[in-house]
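Read the structure below first, then the notes.
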Amino acid sequence: MSNRDLSMLTPKELARIERDIARKHIGKFPWLAVTAGIGAFLCWLALWPLVFMDVIPAWAGFVAATVLAIIGYLPSHEAQHDIIARPGSRLRWLNEVVGHVSTVPLALPFDLARATHREHHLHTNHPELDPDYGSSAAGPLKAIWTAIQNIQPRSKGGHNAYSRTLLRLGRKDVLKGAALYRATWFLTLFTLAWTGHAIEAAALWWLPHHVGYVYIQYYLSWAPHHPANETARYRNTRSFRAALGNIGSLGMQYHVVHHLHPRIPFLRTPQAYWEMKPVLEAQGARVEDL
Amino acid sequence: MQKAVLSRIYKLGPMIFGLGFLTPLAAQILQSSEVPLPFGMPPLLAGLLIAMAFTVPAQLRGRWV
């Protein structure tokens with residue numbers, strides 16, 4: 001690819017090369033996403049008896065639960081895009097199981113995540129229609145503060161933006177399901193707290209939920225779309241060099257490939273990015289930082 | 001009717017959370033850290049006072065921070 005002169009090609013021809021590269025990476029079964037999603041959920045479940053029986057201290061449980069809550073979002077994200085199995089296929093049930101269980105530590109309803117994330121892809125950076133637009137901010141510190149503000153009860157972003165999106169889409173079924181999910185989550189926390197396990201509940205579920213939401217908003221919503229002022233296909237997402245590296249940024253350095261070809265499995269996006277980069281540059285994509 | 005009740009409950013979210021979770025959480029943190037409480041105050045009452053110090057402003061402002 002690097003030896004080929006792409007400057008003479010039309011956007012249509014470039015798009016065809018790009019699609020050919022993408023096709024090489026699509027359709028591979030994401031074993032790691034499946035095992036990581038179910039594994040993260042099981043490890044998180046295992047933390048409860050470990051902390052309850054004082055095998056590990058609550059603070060260590062908090063650190064582990066937070067990491068698992070954050071990691072768990074990624075397999076769910078694969079399931080949101082039907083990467084594990086398409087609707088109607090033999091392993092569709094596995095796609096749904098992974099999607100649902102991997103976000104339990106984050107206390108995030110999968111159906112809500114799927115419906116709103118699709119809107120984010122359809123309307124990336126649109127101030128009214130992108131449910132994640134509320135995470136946009138002038139810089140990294142402001143992005144963290146904005147993410148914290150988005151999880152407040154009467155914020156304009158976060159869950160309230162998701163509710164508005166679902167109402168606009170006429171998806172009251174998903175909204176009701178999400179409301180029931182959150183009510184159940186709160187009732188579980190209250191029950192644990194009033195039966196003498198408030199510290200354990202805070203360490204293993206309540207705090208990881210909040211820290212996880214802020215971390216995910218920062219790296220999945222803010223960083224790859226900053227400054228979120230363009231909506232065109234090749235301009236609404238960027239590649240970037242994360243301070244915490246590709247693992248610390250949850251692989252979001254290559255998020256531009258995901259927005260262009262959402263069905264490429266998460267773990268294949270770095271390879272796809274490097275193969276596509278000359279084409280993306282020729283298409284005017286925001287790939288100058290990496 | 002049902003919608004109005006749910007809406008009222010939603011608006012009271014911080015207060016419900018303060019009573020349902022923060023109060024026992026603060027009480028159990030006080031108990032486990034063995035902090036001496038003034039006036040022989042029970043940990044649950046101290047927990048309620050601490051929780052309400054965060055909850056009442058959150059209820060009024062619609063945000064915790």
Side-chain angles (χ1 to χ4, degrees), chain A residues 51-52 54 57-59 61-62 107 134 144-160 162-164 167 172 175-207 209-211 213-214, chain B:
Chain A
V51 171
F52 271 56
D54 285 329
W59 67 263
F62 159 67
I144 293 169
W145 181 245
T146 303
I148 292 168
Q149 290 300 309
N150 279 341
I151 56 175
Q152 304 304 312
R154 270 184 248 156
S155 74
K156 285 183 179 168
H159 272 282
N160 291 331
Y162 289 176
S163 299
R164 287 197 303 275
L167 284 173
K172 281 190 177 172
L175 189 56
K176 281 180 187 169
L180 190 64
Y181 189 107
R182 272 183 85 75
T184 306
W185 181 59
F186 280 121
L187 284 175
T188 309
L189 290 179
F190 296 172
T191 306
L192 285 163
W194 282 98
T195 51
H197 304 294
I199 295 171
E200 292 88 342
L204 297 178
W205 218 357
W206 178 55
L207 288 172
H209 161 85
H210 287 299
V211 177
Y213 262 52
V214 170
Chain B
M1 174 67 181
Q2 195 183 8
K3 200 175 169 184
V5 172
L6 287 174
S7 171
R8 180 60 59 88
I9 291 171
Y10 183 74
K11 281 181 184 161
L12 285 172
M15 189 57 75
I16 294 168
F17 187 74
L19 291 169
F21 192 71
L22 291 184
T23 296
L25 177 64
Q28 285 163 42
I29 289 172
L30 289 172
Q31 262 179 323
S32 65
S33 56
E34 294 172 9
V35 176
L37 297 172
F39 318 116
M41 191 185 284
L44 200 56
L45 179 59
L48 177 68
L49 293 175
I50 293 168
M52 286 304 116
F54 291 99
T55 301
V56 172
Q59 181 64 51
L60 295 173
R61 296 189 308 166
R63 55 192 168 90
W64 293 92
V65 289

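Lettering follows sequence order; numbering is per chain, from 1. What's counted below: heavy atoms across the whole structure, side chains too, no hydrogens, waters or symmetry copies.
- Ring planes of A/Trp206 and B/Phe17: tilted class, angle from 30 to 60°.
- The CG atom of B/Leu22 sits 8.5 Å away from the CZ atom of A/Phe190 when rounded to the nearest 0.5 Å.
- Ring planes of A/Tyr162 and A/His159: perpendicular class, angle over 60° (limits at 30 and 60°).
- Contacts of B/Tyr10 with chain A are made by side-chain atoms alone, with heavy-atom separations under 4.5 Å and no backbone atom involved.
- With chain A as partner, the option from B/Gln31, B/Gln28, B/Arg63 having the largest number of non-hydrogen pairs under 4.5 angstrom is B/Gln28.
- The part of B/Leu19 that comes within reach of chain A is its backbone (N, CA, C, O), which places non-hydrogen atoms under 4.5 angstrom from that chain.
- Heavy atoms closer than 4.5 Å to chain A are found nowhere in B/Leu6, neither backbone nor side chain.
- With a 4.5 Å cut-off on non-hydrogen atoms, A/Ala183 does not touch chain B at all.
- Between A/His209 and A/Tyr213, the two ring planes are tilted [angle within 30° to 60°].
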Verdict with reasoning, B/Leu48 to B/Met52, per side-chain contact (heavy atoms from CB on, under 4.5 Å)
CA-CA 6 Å; B/Leu48 177 68; B/Met52 286 304 116; 4.1 Å; yes
